[in-house]
Structures are given as C-alpha cells and as structure tokens.
Amino acid sequence: MEERSVIVETRDLVKVYGDGPEVRALDGANMSVHRGELVTVMGPSGSGKSTLLNMIGALDRSTSGRVVVKGEDLSSIRDLDAFRAQEVGFVFQLHNLIPTLTASENVEIPMHGQVKQRQRRKRTQELLDLVGLIDRAGHLPSQLSGGERQRVAVARALANQPAILLADEPTGSLDTTAGREIMELLQKVNRERGMTIIVVTHDRKVARMTQRILTLEDGRIVDDHPVQTPLVEDLRELARSQLGQSLLDRRGKILKEVGLGSDAGLTEQGEYLRGLLVGLT
Ligand SMILES: Nc1ncnc2c1ncn2[C@@H]1O[C@H](COP(=O)(O)OP(=O)(O)O)[C@@H](O)[C@H]1O
Ligand SMILES: [Mg+2]
C-alpha cells in the first residue's frame, strides 16, 4: 500500500484548565491521522475529546506537547485565527447557523474576506449541491429539519476548502436516521473530495461508519484500531464489557466444560474469539 502522509499529529499533548481546581483534560495524548482518512475519536464524557479536537483545530493552545497540522507546529504559528480560517472546518453538535440568514447565506459567511463575490456564489451552489440541499438554498434554518440544518453546517465548514474537517458529536442532537445520514454525508465528502475528517463521538454506531477508531480515556489515547467487520467489532465491544470480561476470565473453564478441550494451536485472537463465542452459546 502506498505510504500516506501524516496531516495531523499530536505528541505528548497536555491541556490543564486552570482557575480553581486544576483539571488535566489531556494527559499526554499521542495520535496521528493520515491525509484522506476518516477517523473517530471515541471515549466517555469528560475524557477530553472536545479538548483534543479544539487543540487540533487551533481553537485553544495546549499547556505542553505538540500539535502538528500540515507540517506546521501550531505553537509556532502567531495568527491562529488566520490559520484556523484557512485550514480547519468545524461542525459542532448544535449547528450554530445564524437564524436570520438563509441556507446559502450561512454557507457564504466564512468566505467573506477570503473569496471574491462571484466565486463565493459559485462555491456556495456547489456545496449546497454536495450536501443535497440545492432546493433549500433560500430557506431559513427554522424552515429546515435538524438533519438539513446539520447538512448546511457541513457545507459551511467546507466553504474555505480546509485541509481538515473536525466534527464534534455531529450526530449528537439528531435522531438515529438523521444521524446516519450525516455520517453518510461525511463518508461521501471523504470519498469524493479526499477530505481528512476527524469525528468525535461517544456513539459506537457512528464510530463504525469511519475507518479507524481512537479511544480516549482520561486524556490519553488508550486504543487505536482500524474498523473491522461488524462481527469482530461486536466481539471487541463484548470483550470490553463486564459480561465479556467475566467470560474471558472463565474461558478455560468454559472450553473444558463444553468439551472443546485444549485450545492449543489457535492464535491468541482466535482463541479469545472462540472463547467468547463458546461462552455466548
Ligand atoms: N474551559 C474549561 N475549563 C475548565 N475545565 C474544562 C474546560 N473544558 C473542559 N473542561 C474539563 O476537561 C475535561 C475534559 O472535557 P472535554 O474535553 O469537554 O471532554 P469530552 O468532550 O470528552 O466530554 C472535563 O473534566 C471537563 O470538565
Ligand atoms: Mg465533548
């Protein structure tokens, strides 16, 4: 496989929020993302997901450690606002559209001062087409469904042709169907435009619609694996659950009791998968 270049990298990233009792939101987070990847950062509430995304997106500065985006160490960039405007697109849980502006006007906003007017119009049309809302261009946010508003937010995030798209719980305020549709849209943007996308979520179903899952716990990346078949992902999830842990603990006994005897010769993974399957039946 062709070696793909790294576009986002964090090294020993630490973020401590001060004022009052200190909170160590990131505690040495190491991760990297390749150009053109669609990845998830998953983890429980409070594990530091938003903080990590905000550091990568230059919304805030780290306490220590490095963030490198497109080969640039963010700590050496003076004008983070300009960097962010040019290189980063954000989608949040709440779409944050301006209620008094139409869909197309909302998409155009980030282009002001960056892109010439005629070009702005053209690009807005293309983006609304990309997200499937060309016939809603003149609608106000209040005249759109939750899923449609989030589509506008995706189009707006792409307005300045950023190098990376960061989405913080993009499906968090949507029902299951609309959430899946937003993930399908992100897949399409990734596939058709080669856009590098990092999605933050605590929802496994969302995570499985990406290519790789990084797990954050207490401010550190504790697991990093490519998304596998639904069965293997189910087993991974089971293995991490209380039930799975207890099955794994009793694996030897279970195998013996059901007469499978020695499990010599199986790979470690095969062995534990079989152990889990045996335990389940
Ligand atoms: N601006 C802030 N000031 C103080 N503490 C914060 C701030 N933002 C986040 N935190 C704390 O940092 C930790 C990680 O938060 P966050 O990155 O929002 O987690 P997640 O997105 O995974 O839920 C939490 O304990 C949270 O309370
Ligand atoms: Mg968060």
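Remember, predicted model here, so these are calculated numbers, not experimental data. Heavy-atom basis, side chains included; hydrogens, waters and symmetry copies ignored. For ligands, and for the atoms within them, numbers begin at 1 and follow the listed sequence.
Among protein heavy atoms, the minimum distance from atom 11 (C) of ligand 1 is reached at V23 CG1, 3.7 Å. From the protein, the heavy atom lying nearest to atom 23 (O) of ligand 1 is G46 N, 2.7 Å. Scanning all protein heavy atoms for the shortest distance to atom 17 (O) of ligand 1 gives T51 OG1, 2.5 Å. Scanning the protein heavy atoms around atom 2 (C) of ligand 1, the nearest turns out to be Y17 CD2, 3.4 Å.
Using modelled atom types, one side-chain atom of R123 and one backbone atom of A159 make a donor-acceptor pair closer than 3.5 Å. In this structure a side-chain-to-backbone donor-acceptor pair under 3.5 Å is missing from K70 to V6. Within the 3.5 Å criterion, the main-chain N or O of D203 finds a donor-acceptor partner in the side chain of T201. Remark: side-chain polar atoms of D60 are not paired, donor with acceptor, to backbone N or O of M55 under 3.5 angstrom.
Within a 4.0 Å radius of atom 26 (C) of ligand 1, the protein contributes no non-hydrogen atoms. Protein heavy atoms come within 4.0 Å of atom 19 (O) of ligand 1.
By the 3.5 Å distance cut-off applied to N or O atoms, G48 is counted among the residues near ligand 1.
Side-chain contact between Q114 and Q86 is present, with at least one heavy-atom pair separated by less than 4.5 Å.
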### Message
Determine whether E184 and K188 satisfy the following criterion, salt bridge (Lys or Arg N to Asp or Glu O under 4.0 Å), listing intermediate values before the conclusion.
### Response
CA-CA 6 Å; E184 284 166 356; K188 175 177 154 183; over 6 Å; no

### Query
Do E169 and K49 pass the side chain to side chain contact (heavy atoms under 4.5 Å, CB included) test, and can you show the C-alpha distance, the side-chain angles, and the key distance before you say yes or no?
CA-CA 10 Å; E169 307 272 7; K49 303 184 295 297; 3.7 Å; yes

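At least one heavy atom of S47 lies less than 4.0 angstrom from ligand 1. Judged by the shortest distance from any of its heavy atoms, G18 lies outside the 4.0 Å radius around the atoms of ligand 1.
Taking every heavy atom of A25 and a limit of under 4.0 angstrom, the matching atoms of ligand 1 come to 12 (O), 13 (C), 14 (C). Each of the atoms 22 (O) of ligand 1 lies under 4.0 Å from some heavy atom of P44.
Rounded to the nearest 0.5 angstrom, R204 CZ and I213 CD1 are separated by 7.5 Å.
Taking backbone and side-chain atoms together, S50 has an N/O/S atom less than 2.8 Å away from the Mg ion (ligand 2).
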